[in-house]
Number of protein chains: 2
Amino acid sequence: MTEPQWLNPEERKAWLAVASLMFRLPATLESQLQRDEDLTVAGYMVLAMLSESATRECRMSKLAELTNTSQSRLSRIVARLEKDGYVTRAMDANDRRVVLARITESGMAKIAAAAPGHVAAVRAAVFDRLDEEQVRQLAAISRTLLGDDFPHLPE
Amino acid sequence: MTEPQWLNPEERKAWLAVASLMFRLPATLESQLQRDEDLTVAGYMVLAMLSESATRECRMSKLAELTNTSQSRLSRIVARLEKDGYVTRAMDANDRRVVLARITESGMAKIAAAAPGHVAAVRAAVFDRLDEEQVRQLAAISRTLLGDDFPHLPE
DNA sequence: GTTGATTACTTGCAACCGAAACTAATGTAG
DNA sequence: CTACATTAGTTTCGGTTGCAAGTAATCAAC
């Protein structure tokens, strides 16, 4: 291996900050949604993606991609959302291996109710603290780090 | 509330990228350490912090702060590290509420063995993809977002 | 068409986590 | 001193997760 064994001081300082952020930011958002709406961030994202889809439904594997989760994890997240009445699951008639998750009216109402608080939390934690230039920098850096894995929005 | 209800398009794009990164980066590092060293990222960070301390020990509450974890989580992480022989726990004689975690020789060897692979993963996921200017930007943004919560290094 | 590989999704298991309850030591007010 | 509050850490409980194994449908080769 030709890489240096450890990070240089500049990189090390940057990494300690990034790592802290990577642990704390998700926890902050998670606890806001849990406390105020009894939703997980993953569950919120599933509802958000479905609610923004024109057809209000999406196959499981696509949904897993959009929400950055494994298939097995998504399967359980959707099972819980279904139990809570926010989502239904149905087989695709064309390919009966495929399961289509569809958001219910109750699910639409839930995401509409949850969104303002979640957005406020995101603003408070991120966008209120950065200027426009920094937002652009952060977006550029994030997309660079995601590389080809950047997920696509529902059509 | 005076905030706009949702994010503007620029912010929305930035947030989708940041959120994806926030989910994927920890998972990447977690699976590398799990696969190659049978360590969690949290366990690695505990060993790393202890190994860098002059005294090779640290009280639990301080360690929780340094590693961005709750006390209850840290308690279990250290219990597992102790079971694996990488750490010992002892009461502080001055204040018998306090528990001092100390890294063992085996723990020092473990972190030395695990570090190169972990650092390589961090490099591959982050620093190899950014130029110096972006590293500075990312560090500045992260520290701004952490605000006063920025953790201090062991003395 | 039958066999074998692949794809889509689900589930069993062991480990992990946050929140709250718990134990125990220390600090403080009278 | 003696309550009462506070601090440090652990543990219990319900729920979540990743991995690997399992089910079922489709595809590909012959």
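Lettering follows sequence order; numbering is per chain, from 1. As a basis for the values below, the full set of heavy atoms in this structure was taken, side chains included, without hydrogen atoms, waters or symmetry mates.
- Distance A:Arg96 CZ to C:dC9 C1': 15 Å, rounded to the nearest Å.
- Take the nearest nucleotide of DNA chain C for B:Arg80 and for B:Ala93: the residue whose nucleotide is more 5' is B:Arg80.
- Salt-bridge formation is not detected for the pair B:Glu82/B:Arg76: no Lys NZ or Arg NE/NH1/NH2 atom is positioned less than 4.0 Å from an Asp or Glu carboxylate oxygen.
- The side chain of A:Val99 sits closest to C:dT10 out of D:dT6, C:dT10, D:dA24.
- Atom C1' of nucleotide C:dA8 and atom CG of A:Leu100 are separated by 12 Å, given to the nearest angstrom.
- With respect to B:Lys62 and B:Glu65, no salt bridge is recorded, no charged nitrogen being found less than 4.0 Å from a carboxylate O.
- Salt bridge annotation for A:Glu105-A:Arg56: present, with a cationic side-chain nitrogen under 4.0 angstrom from a carboxylate oxygen.
- Between B:Gln34 atom CD and D:dC19 atom C1' there is a gap of 10 Å when expressed in whole angstrom units.
- In this structure, B:Arg59 reaches the sugar-phosphate backbone alone: every heavy-atom distance under 4.0 Å involves primed, P, OP1 or OP2 atoms, never a base.
- When the C1' atom of C:dT7 is taken as reference, atom CG of A:Asn94 falls 16 Å away, rounded to whole Å.
- Checked for salt-bridge contact, A:Asp36 and A:Lys110 miss the test: no charged N lies under 4.0 Å from a carboxylate O.
- For A:Met91 and C:dT7, the CE to P distance is 21 Å, given to the nearest whole Å.
- Spacing between atom CE of A:Met60 and atom C1' of D:dA24 amounts to 15 Å, rounded to whole angstrom units.
- For the pair B:Asp84 and B:Arg80, the salt-bridge criterion is met [side-chain N within less than 4.0 Å of a carboxylate O].
- Residue B:Arg89 is in sugar-phosphate contact alone, with no base atom involved, counting any heavy-atom pair closer than 4.0 Å across all strands shown.
- Distances shown here put a side-chain N or O of A:Gln71 below 4.0 Å from the OP1 or OP2 atom of C:dC9.
- Close to D:dT10, at under 4.0 Å from its OP1 or OP2, lies no side-chain N or O of B:Ser72.
- The residue B:Ser61 sits close only to the backbone: its heavy atoms come under 4.0 Å of sugar-phosphate atoms, none of a base.
- Counting distance only, with no hydrogens placed and no angle test, the side-chain atoms of A:Arg76 and the base atoms of D:dT16 include no donor-acceptor pair under 3.5 Å.
- In this entry the distance linking CG of B:Leu81 with C1' of C:dC16 reads 14 Å, nearest Å.
- One atom, CD1 of A:Ile77, and another, C1' of D:dT17, lie 9 Å apart when rounded to the nearest Å.
- Mapped onto DNA chain D by nearest heavy atom, B:Ser75 and A:Arg73 fall at different nucleotides, with B:Ser75 at the one closer to the 5' end.
- Heavy-atom nearest nucleotides on DNA chain C were determined for A:Ser31 and for A:Asp95, and the one closer to the 5' end corresponds to A:Asp95.
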